[in-house]
Amino acid sequence: MFGSSNDFFKQDKVILLKLRGALHKLLVIKGRSDEDIKDYLRAFDFFTDNPKEYDGATIVKDLVDIRYNGEYLDADAMLHDYEYIFEGANKSFVLKWEADLKYIKNMEKNGKGIRVPRMVLLTVLGILFVPYVWIKNF
């Protein structure tokens, strides 16, 4: 969305179906709720059907959940991208804040690193990102 790219979903659909199963197993192992898992899988399915829409993690690119054939997936970044597309988080400071906060909480639930600096960085970037999207779409 903002200068990043990721070709994870440009792989063969048969491979992506297997990787979807791997993501499901991983989320079960991490103790995520059925509702949370459905959210991740819904995003996975969308990007499987629309691989050009997925750009991956913009800020933190080292939090890999699945790696296959040299491509990688950060499940939290995937869900965050999905919410930007479908919840309009890229068009409103409030919706962006809510999506970013959910992203940080998901990272915490999935056992990923220090969250406060990431939230600060996402907030600062939001000051530039929302107007960027408005300008880009006009």
Side-chain angles (χ1 to χ4, degrees):
M1 284 185 180
F2 206 50
S4 63
S5 66
N6 184 306
D7 292 334
F8 181 84
F9 287 100
K10 293 179 182 171
Q11 300 182 75
D12 185 84
K13 292 210 183 216
V14 173
I15 292 169
L16 289 172
L17 183 60
K18 291 178 183 177
L19 296 174
R20 183 185 191 275
L23 176 61
H24 182 267
K25 287 179 188 176
L26 177 66
L27 293 168
V28 168
I29 289 168
K30 289 181 180 261
R32 299 307 300 266
S33 70
D34 289 342
E35 184 178 319
D36 289 347
I37 292 171
K38 285 179 186 175
D39 287 345
Y40 282 95
L41 295 180
R42 185 179 308 113
F44 191 98
D45 293 342
F46 171 78
F47 289 119
T48 295
D49 293 337
N50 302 280
K52 291 181 181 178
E53 296 293 321
Y54 181 67
D55 67 1
T58 303
I59 298 170
V60 183
K61 299 182 183 201
D62 61 344
L63 300 175
V64 175
D65 292 301
I66 297 174
R67 186 178 304 276
Y68 186 84
N69 249 0
E71 301 299 335
Y72 66 92
L73 176 69
D74 175 338
D76 298 310
M78 172 196 68
L79 184 57
H80 192 239
D81 281 2
Y82 180 81
E83 290 179 344
Y84 267 45
I85 293 168
F86 285 99
E87 303 297 327
N90 57 352
K91 296 176 182 135
S92 158
F93 289 112
V94 172
L95 294 175
K96 182 182 182 321
W97 170 262
E98 290 171 354
D100 292 349
L101 188 59
K102 183 176 178 183
Y103 171 60
I104 296 302
K105 288 181 179 183
N106 277 330
M107 290 174 69
E108 179 179 356
K109 290 177 185 177
N110 287 331
K112 293 179 180 175
I114 301 168
R115 297 157 314 279
V116 173
R118 291 182 183 133
M119 189 63 191
V120 170
L121 190 54
L122 284 169
T123 301
V124 170
L125 284 177
I127 294 167
L128 301 173
F129 185 72
V130 172
Y132 164 78
V133 171
W134 276 92
I135 291 167
K136 180 180 165 190
N137 289 330
F138 282 109

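Being a predicted model, the structure only gives us computed values, none of them experimental.
Residues Asn106 and Arg32 form a side-chain contact, since some pair of their non-hydrogen atoms from C-beta on lies under 4.5 Å apart. With a 4.5 Å cut-off on side-chain heavy atoms, Leu16 and Phe47 do not count as touching. Under the 4.5 Å side-chain criterion, counting only non-hydrogen atoms from C-beta, Met78 is not in contact with Asp65. Between Leu17 and Lys13 the shortest side-chain heavy-atom distance does not fall below 4.5 Å. No side-chain heavy atom of Lys30 sits less than 4.5 Å from a side-chain heavy atom of Asp36. Proximity of Lys25 to Val28: side-chain heavy atoms (C-beta onward) are nowhere separated by under 4.5 Å. The closest side-chain heavy-atom distance from Leu79 to Arg42 is not below 4.5 Å. Counting heavy atoms from C-beta on, the side chains of Asn110 and Tyr40 come closer than 4.5 Å.
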side-chain contact (heavy atoms from CB on, under 4.5 Å) between Phe8 and Ile66, worked out: CA-CA 10 Å; Phe8 181 84; Ile66 297 174; 4.3 Å; yes

Test log, rule side-chain contact (heavy atoms from CB on, under 4.5 Å), inputs Leu73 and Tyr68: CA-CA 9 Å; Leu73 176 69; Tyr68 186 84; over 6 Å; no

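We find the OH-NZ distance between Tyr103 and Lys96 to be 10.5 Å, quoted to the nearest 0.5 Å. The NE2 atom of His24 lies 9.5 Å from the NZ atom of Lys38; values are rounded to the nearest 0.5 Å. For the atom pair Lys52 NZ and Asn50 CG, the distance stands at 10.5 Å (nearest 0.5 Å). With rounding to the nearest 0.5 Å, the separation of CZ in Phe46 from CG in Leu41 is 15.5 Å.
Residues Leu23 and Ile37 share a hydrophobic cluster, clusters being chains of Ile/Leu/Val/Met/Phe/Trp/Tyr side chains in contact below 4.5 Å.
Counting all heavy atoms, side chain and backbone alike, Lys112 lies closest to Ala75 at NZ-N, 4.3 Å.
With hydrogens and angles ignored, the 3.5 Å screen pairs no side-chain donor or acceptor of Asn69 with any backbone N or O of Glu71. Judged by distance alone, with hydrogens and angles left aside, the side-chain atoms of Lys10 form no donor-acceptor pair with the main-chain N or O of Pro51 at under 3.5 Å.
Among residues two or more places apart in sequence or in another chain, the ring pair (Phe, Tyr, Trp, His ring centres under 6.0 Å) test is passed with Phe44 by Phe9. Residues passing the side-chain contact (heavy atoms from CB on, under 4.5 Å) test with Asp45 are Arg20, sequence neighbours excluded.
Remark: Lys105 does not engage Asp76 in a salt bridge, criterion side-chain N to carboxylate O under 4.0 Å.
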